Structure formats: C-alpha cells, structure tokens
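Side chains included, hydrogens not; waters and symmetry mates left out as well; all remaining heavy atoms used. None of the values given here were measured: they were computed from a predicted structure. Order of the sequence lines sets the chain letters (A, B, ...), proteins ahead of strands, with each chain counted from 1.
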Number of protein chains: 2
Amino acid sequence: MNLTCETCPVRDSAACSVLSDKERDALAQAGRTRVLKRGEMLFAAGDEDAACATLVSGALKICATDRDGNEQILALAHPSGFIGEMFAPFAHHDVVALTESRLCVFPKRDMQRAIEDYPALARALLRRSQEDLHSTRSLLELTAHGSAEARLAALLHDFARAASDSPCHPAQEFELPLSRGEIANMLGLTIETVSRKLGELEDSGAIRRKGKRGIELVDPAYLRMLSGKEED
Amino acid sequence: MNLTCETCPVRDSAACSVLSDKERDALAQAGRTRVLKRGEMLFAAGDEDAACATLVSGALKICATDRDGNEQILALAHPSGFIGEMFAPFAHHDVVALTESRLCVFPKRDMQRAIEDYPALARALLRRSQEDLHSTRSLLELTAHGSAEARLAALLHDFARAASDSPCHPAQEFELPLSRGEIANMLGLTIETVSRKLGELEDSGAIRRKGKRGIELVDPAYLRMLSGKEED
DNA sequence: CGTATAATTGATATTACTCAATAACAGTGG
DNA sequence: CCACTGTTATTGAGTAATATCAATTATACG
C-alpha cells in the first residue's frame, strides 16, 4: 500500500514532518505502509536488509535475545517514533509489535539517501536519537540501582505519563501495554516478583488493579516517591 | 587556547573529520581546547549552558545523581567521542573526567549552527548518537539480566577491547579506568561484591590482577563465556 | 612516617529467584 | 451456553545471590 501522508495521524510529529510537502512526497515514493499484528516481527536481530520505519499507530518493543533464548526488552516505540539503524550493516535487535501497529517502512538504502538529500531530516533524526539515548539511560539508571518496587513504581509512572494526552500530568487510569512477563524482562525481574510487588503496591494503596492489565493510580505522589525520582 | 586541528590526534576519527579543511577551520573559530584534571567536571546535570565537546584524549564518565546523592555511571566517553545534548535546554547528566582529559569545547549555540551549516556534520553526529544508543542498550542488557560475575566479565572484556589498538582483538593487559566504587556503581553492584568477584575471577584463572588497577587477561575465552555473549 | 583513601575479607541479613501448585482467563469447539 | 485447553497471573515455601555492617589490610599522599 502506498503512503497517504495527508491523513497521517503523526504527520506533524514524526521525523518526516520537518520536510516540505514536496520533499515528503518524494520520500513517500520509496516507502510502504505496513500493518503488523500483535506479536509479528518487523525485523530480527542479524537481518542485513532491516528496514527503517516510522511508527504511525500501535506500539513496538525493541529487544535483545541472548544465547539461552531469553528475551530482554530494551526500549518501547510509540507513535511518531523512528526505528532503524541506518549505519549498521545488520540489525542489532528484534523489533516486535506489542499491539496491532501501522508503520511507514523505508528500505535502508532509501533512508540513507534521504538523509543525504534532506539535511533537515538528518537533524530531526539526530534529535530523536538523542532522546532515545536519554530514555534508554533513564531505564538503565532505574534497572541498575532500584529495588524491584522502585523499578515497578517508575515504570507505572512512565506508562501513566505515556497514556496521558497532556505530557506533564499522568493519566489517572490506563491499560498496561505489556504482559507481566514483558514487564519482568524489561525491568530485569521475574514474573513472580512483578506479580507480588503489584500486589504490595495495591495493598499499600498506591494503585488499584482493574482486571489483568488495567491500572488506576490512587496515589501518584507515593508512587513517585517509591520510584526514587526527585519530588516536585 | 585556540584549536590546533593540524596536530589533533583524533582529527581523522572525530565527528569533525567529515568536514573540509575550510569548514573545520570555521568551526574551530568557535571552539576552545580545555583540559580537565581527574575528577573535574565538564558540566553538571541541570546546567543550562552546558557546552558540547569532542574528547581528544583521556576518558570521561557520564553519570546521573539521584536525590540521595548516589551517583550512577551511565556511559563512558573515549577519545574522538562526542559529548553534549544540542537539543535539550539543560544537561541531563554530569560529565566528569576519569583521568586528565583534553577536549574541544563548543558552545551549544555554535554547535547548533554548525549542524545547520554542515549537513555532513549532522550525519556524523547521528551516526555517533546511534552508536552511543547501541552501547547504552548493551549495558542495559547486561545490567538487567546478568549475574554479578557476568557483568564484571563483560565489563573487563569491554575495557580490554577499548584498551587495544586493533578494534577486534582485546588487549592482553590493561589498566582499569575506574575505581572499584565506580565499577560497582556502573554495574549496579556494591564495592564489596566487585572486589569479591574479581578475586573469584582470579582464582578461577580467568584474569590476573597486577596491582590495584592492572588486569591481565589469562583466559579471554572463558571471560567471554561468563559474560553470556555469543561465542565465536 | 602518619594520615586518609581505597580495597579486601568476614559474618549476617535481605531481597529476589526458583520450583511448584493453584487460580483466572481467553479462545475453541461441541 | 458450557466444558475443554492453553495461556497468563497469582500465591506459597525454600534457596541462592548479593547487600549490609564491621573489621582489617593495602596504597597513596603529604
């Protein structure tokens, strides 16, 4: 399917939004929309022809797999996010859809050419890359030093923020985008520990669980306190 | 002090190496060399006027400090590495010299202008940023899932590679750029655990300790095996 | 040489993991 | 609609790993 930038929900926020209409149309010639169902893979670690993509809707996980077959989630991608390593000869990580997801996919070659042809695009991607770097470092900080409770509290807080319309105030109620197992492996914990700590957070009155994946933030300040971040 | 690119040891490897002589000289007008002694700070988290810099010689650590005053090392910078967040209004992390270090420092404004004026520079920084992202994700992978032994083994292996001239083969003998405390906080461990595990690695014949910071790799393959990476 | 800092070593406590069983739930086909 | 099956989540008991606390030893520095 060809790209229809006119009606694209992320046309004003994705990297390509910095292009002029004409430039964007030229880039769109090289791209294709692609829809991934939950669990489908965009590309796998080691793929030489791994494409680049902008996420239009849905959510992706970027994950590494060690030689024992254990998966580790390194990052999540949200709409308007950019995926792909233009400069690496092959993909370092797997990219998998968490929910049904719509993407604009570009062959690596074409994206390389595009950043040569459109300096503004290169700058936009640089900005995004630095933001990704920052969020990966935040996750690293959490994972290395926090207790299981702190990691979980911080993750819930992040998800609440991501689920909210306004970027500053967290949503009061939201659905977890990840299963217990995915949460566990993102935070370097086990499923059992995640389950137990969620229970403890509920007992302590910080959250309330609504079904399997629904979370209501009862006491966001307490959650924030547990997560070890600056208070505000 | 003004920049003397002609004799710069990283003139062929740093981001600025993609510029023509003329462009590079123009950029050099805006820059200054700066020498940091061990422990000196380039800038602190929260600084609004945090500069950008290319590391010429020495080594830096990028670290976060939580509200209890605990420091966490998120990344190291080696010669030809680029430091600085051009797009953030203030620095997110502290940057501190691990050893006496020489840098080319550029005001953020000038660097922003440079990436507008020189598209090749923006692309070079994009490439670097993606590499940094990848190494941060590697550290995350390690920290989240590995045992204390695996983390330490992987770190030693990384240092051995960084210390070597040839990028593929690790150096057989090298000096640790970090104190025990710094290693501990980079890996999310305690000083005591690092000390004990180093002892065990020595007992098991993987390494030999030469003084406080010297390390000799006796059995690199075994170390690599412990670190949980693919064997080769 | 004496003092401060960094590293090692030991004993104990805590946390999260492992293994195992049970429970909730979703999807499927009768 | 309900039983059946596989998946995901919860809960419990015991264990292993690492943190913590405390003491000692090495090293560096003035």
[X] [atom1] to [N] [atom2], straight-line distance once rounded to whole Å:
X	N	atom1	atom2	answer
A/E149	C/dT14	CD	P	16 Å
B/L226	D/dA17	CG	C1'	16 Å
B/L198	C/dA7	CG	P	10 Å
A/L152	C/dA16	CG	C1'	13 Å
B/E200	C/dA7	CD	C1'	16 Å
B/I183	C/dA6	CD1	C1'	12 Å
B/N70	D/dA19	CG	P	13 Å
B/N185	C/dA7	CG	P	12 Å

* Within less than 4.0 Å of OP1 or OP2 of C/dT8, is there a side-chain N or O belonging to B/R209? ->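 Checking C/dT8 against B/R209, a side-chain N or O does come within under 4.0 Å of OP1 or OP2.
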Hey, could you give me the [atom1]/[atom2] distance between [X] and [Y], rounded to the nearest 0.5 Å?
X	Y	atom1	atom2	answer
A/L140	B/Q72	CG	CD	5.5 Å
A/C52	A/M86	SG	CE	5.5 Å
B/F174	B/L156	CZ	CG	5.0 Å

* Through what angle, rounded to 10 degrees, does the axis of the helix from C/dC1-D/dG30 to C/dG30-D/dC1 turn between its ends, using five pairs per end? ->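 Computed angle between terminal axes is 40°.
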Which atoms form the tightest heavy-atom contact between [X] and [Y], and what is the distance?
X	Y	result
A/A148	A/T193	CB-CG2, 3.9 Å
A/L187	A/L155	CD1-CD2, 4.0 Å
B/M111	B/F106	CE-CD1, 3.5 Å
A/L226	A/A153	CB-CB, 3.9 Å

* Among residues 211-218 of chain A, which contact DNA chain D at a heavy-atom distance under 4.0 Å? ->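 When residues 211-218 of chain A is checked for heavy atoms under 4.0 Å from DNA chain D, the hits, listed by number, are A/K212.
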* To do: Give a yes or no on whether B/R208 atom CZ has more than 12 heavy-atom contacts from other residues, nucleotides or ligands under 6.0 Å away.
  =>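 Open: at most 12 neighbouring heavy atoms sit under 6.0 Å from CZ of B/R208.
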* Taking only heavy atoms on the protein side, list every residue of residues 186-196 of chain A lying under 4.0 Å from any atom of DNA chain C, sorted numerically. =>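 When residues 186-196 of chain A is checked for heavy atoms under 4.0 Å from DNA chain C, the hits, listed by number, are A/G188, A/L189, A/T190, A/E192, A/T193, A/R196.
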* Would you say the side chain of B/L76 lies within less than 4.5 Å of the side chain of B/I62, judging by non-hydrogen atoms? ->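 No, too far: nothing below the 4.5 Å cut-off.
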* Residue of the set B/L42, B/V105, B/T54, B/L55 for which side chain to side chain contact (heavy atoms under 4.5 Å, CB included) holds with B/I83 ->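 Passing option: B/L42.
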* **Salt bridge present between A/E202 and A/R209 (N-O < 4.0 angstrom)** =>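 Salt bridge present between A/E202 and A/R209.
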* Report which part of the nucleic acid B/R151 touches: base, sugar-phosphate, or nothing (heavy-atom distance under 4.0 Å, all strands). =>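 Contact class for B/R151: none.
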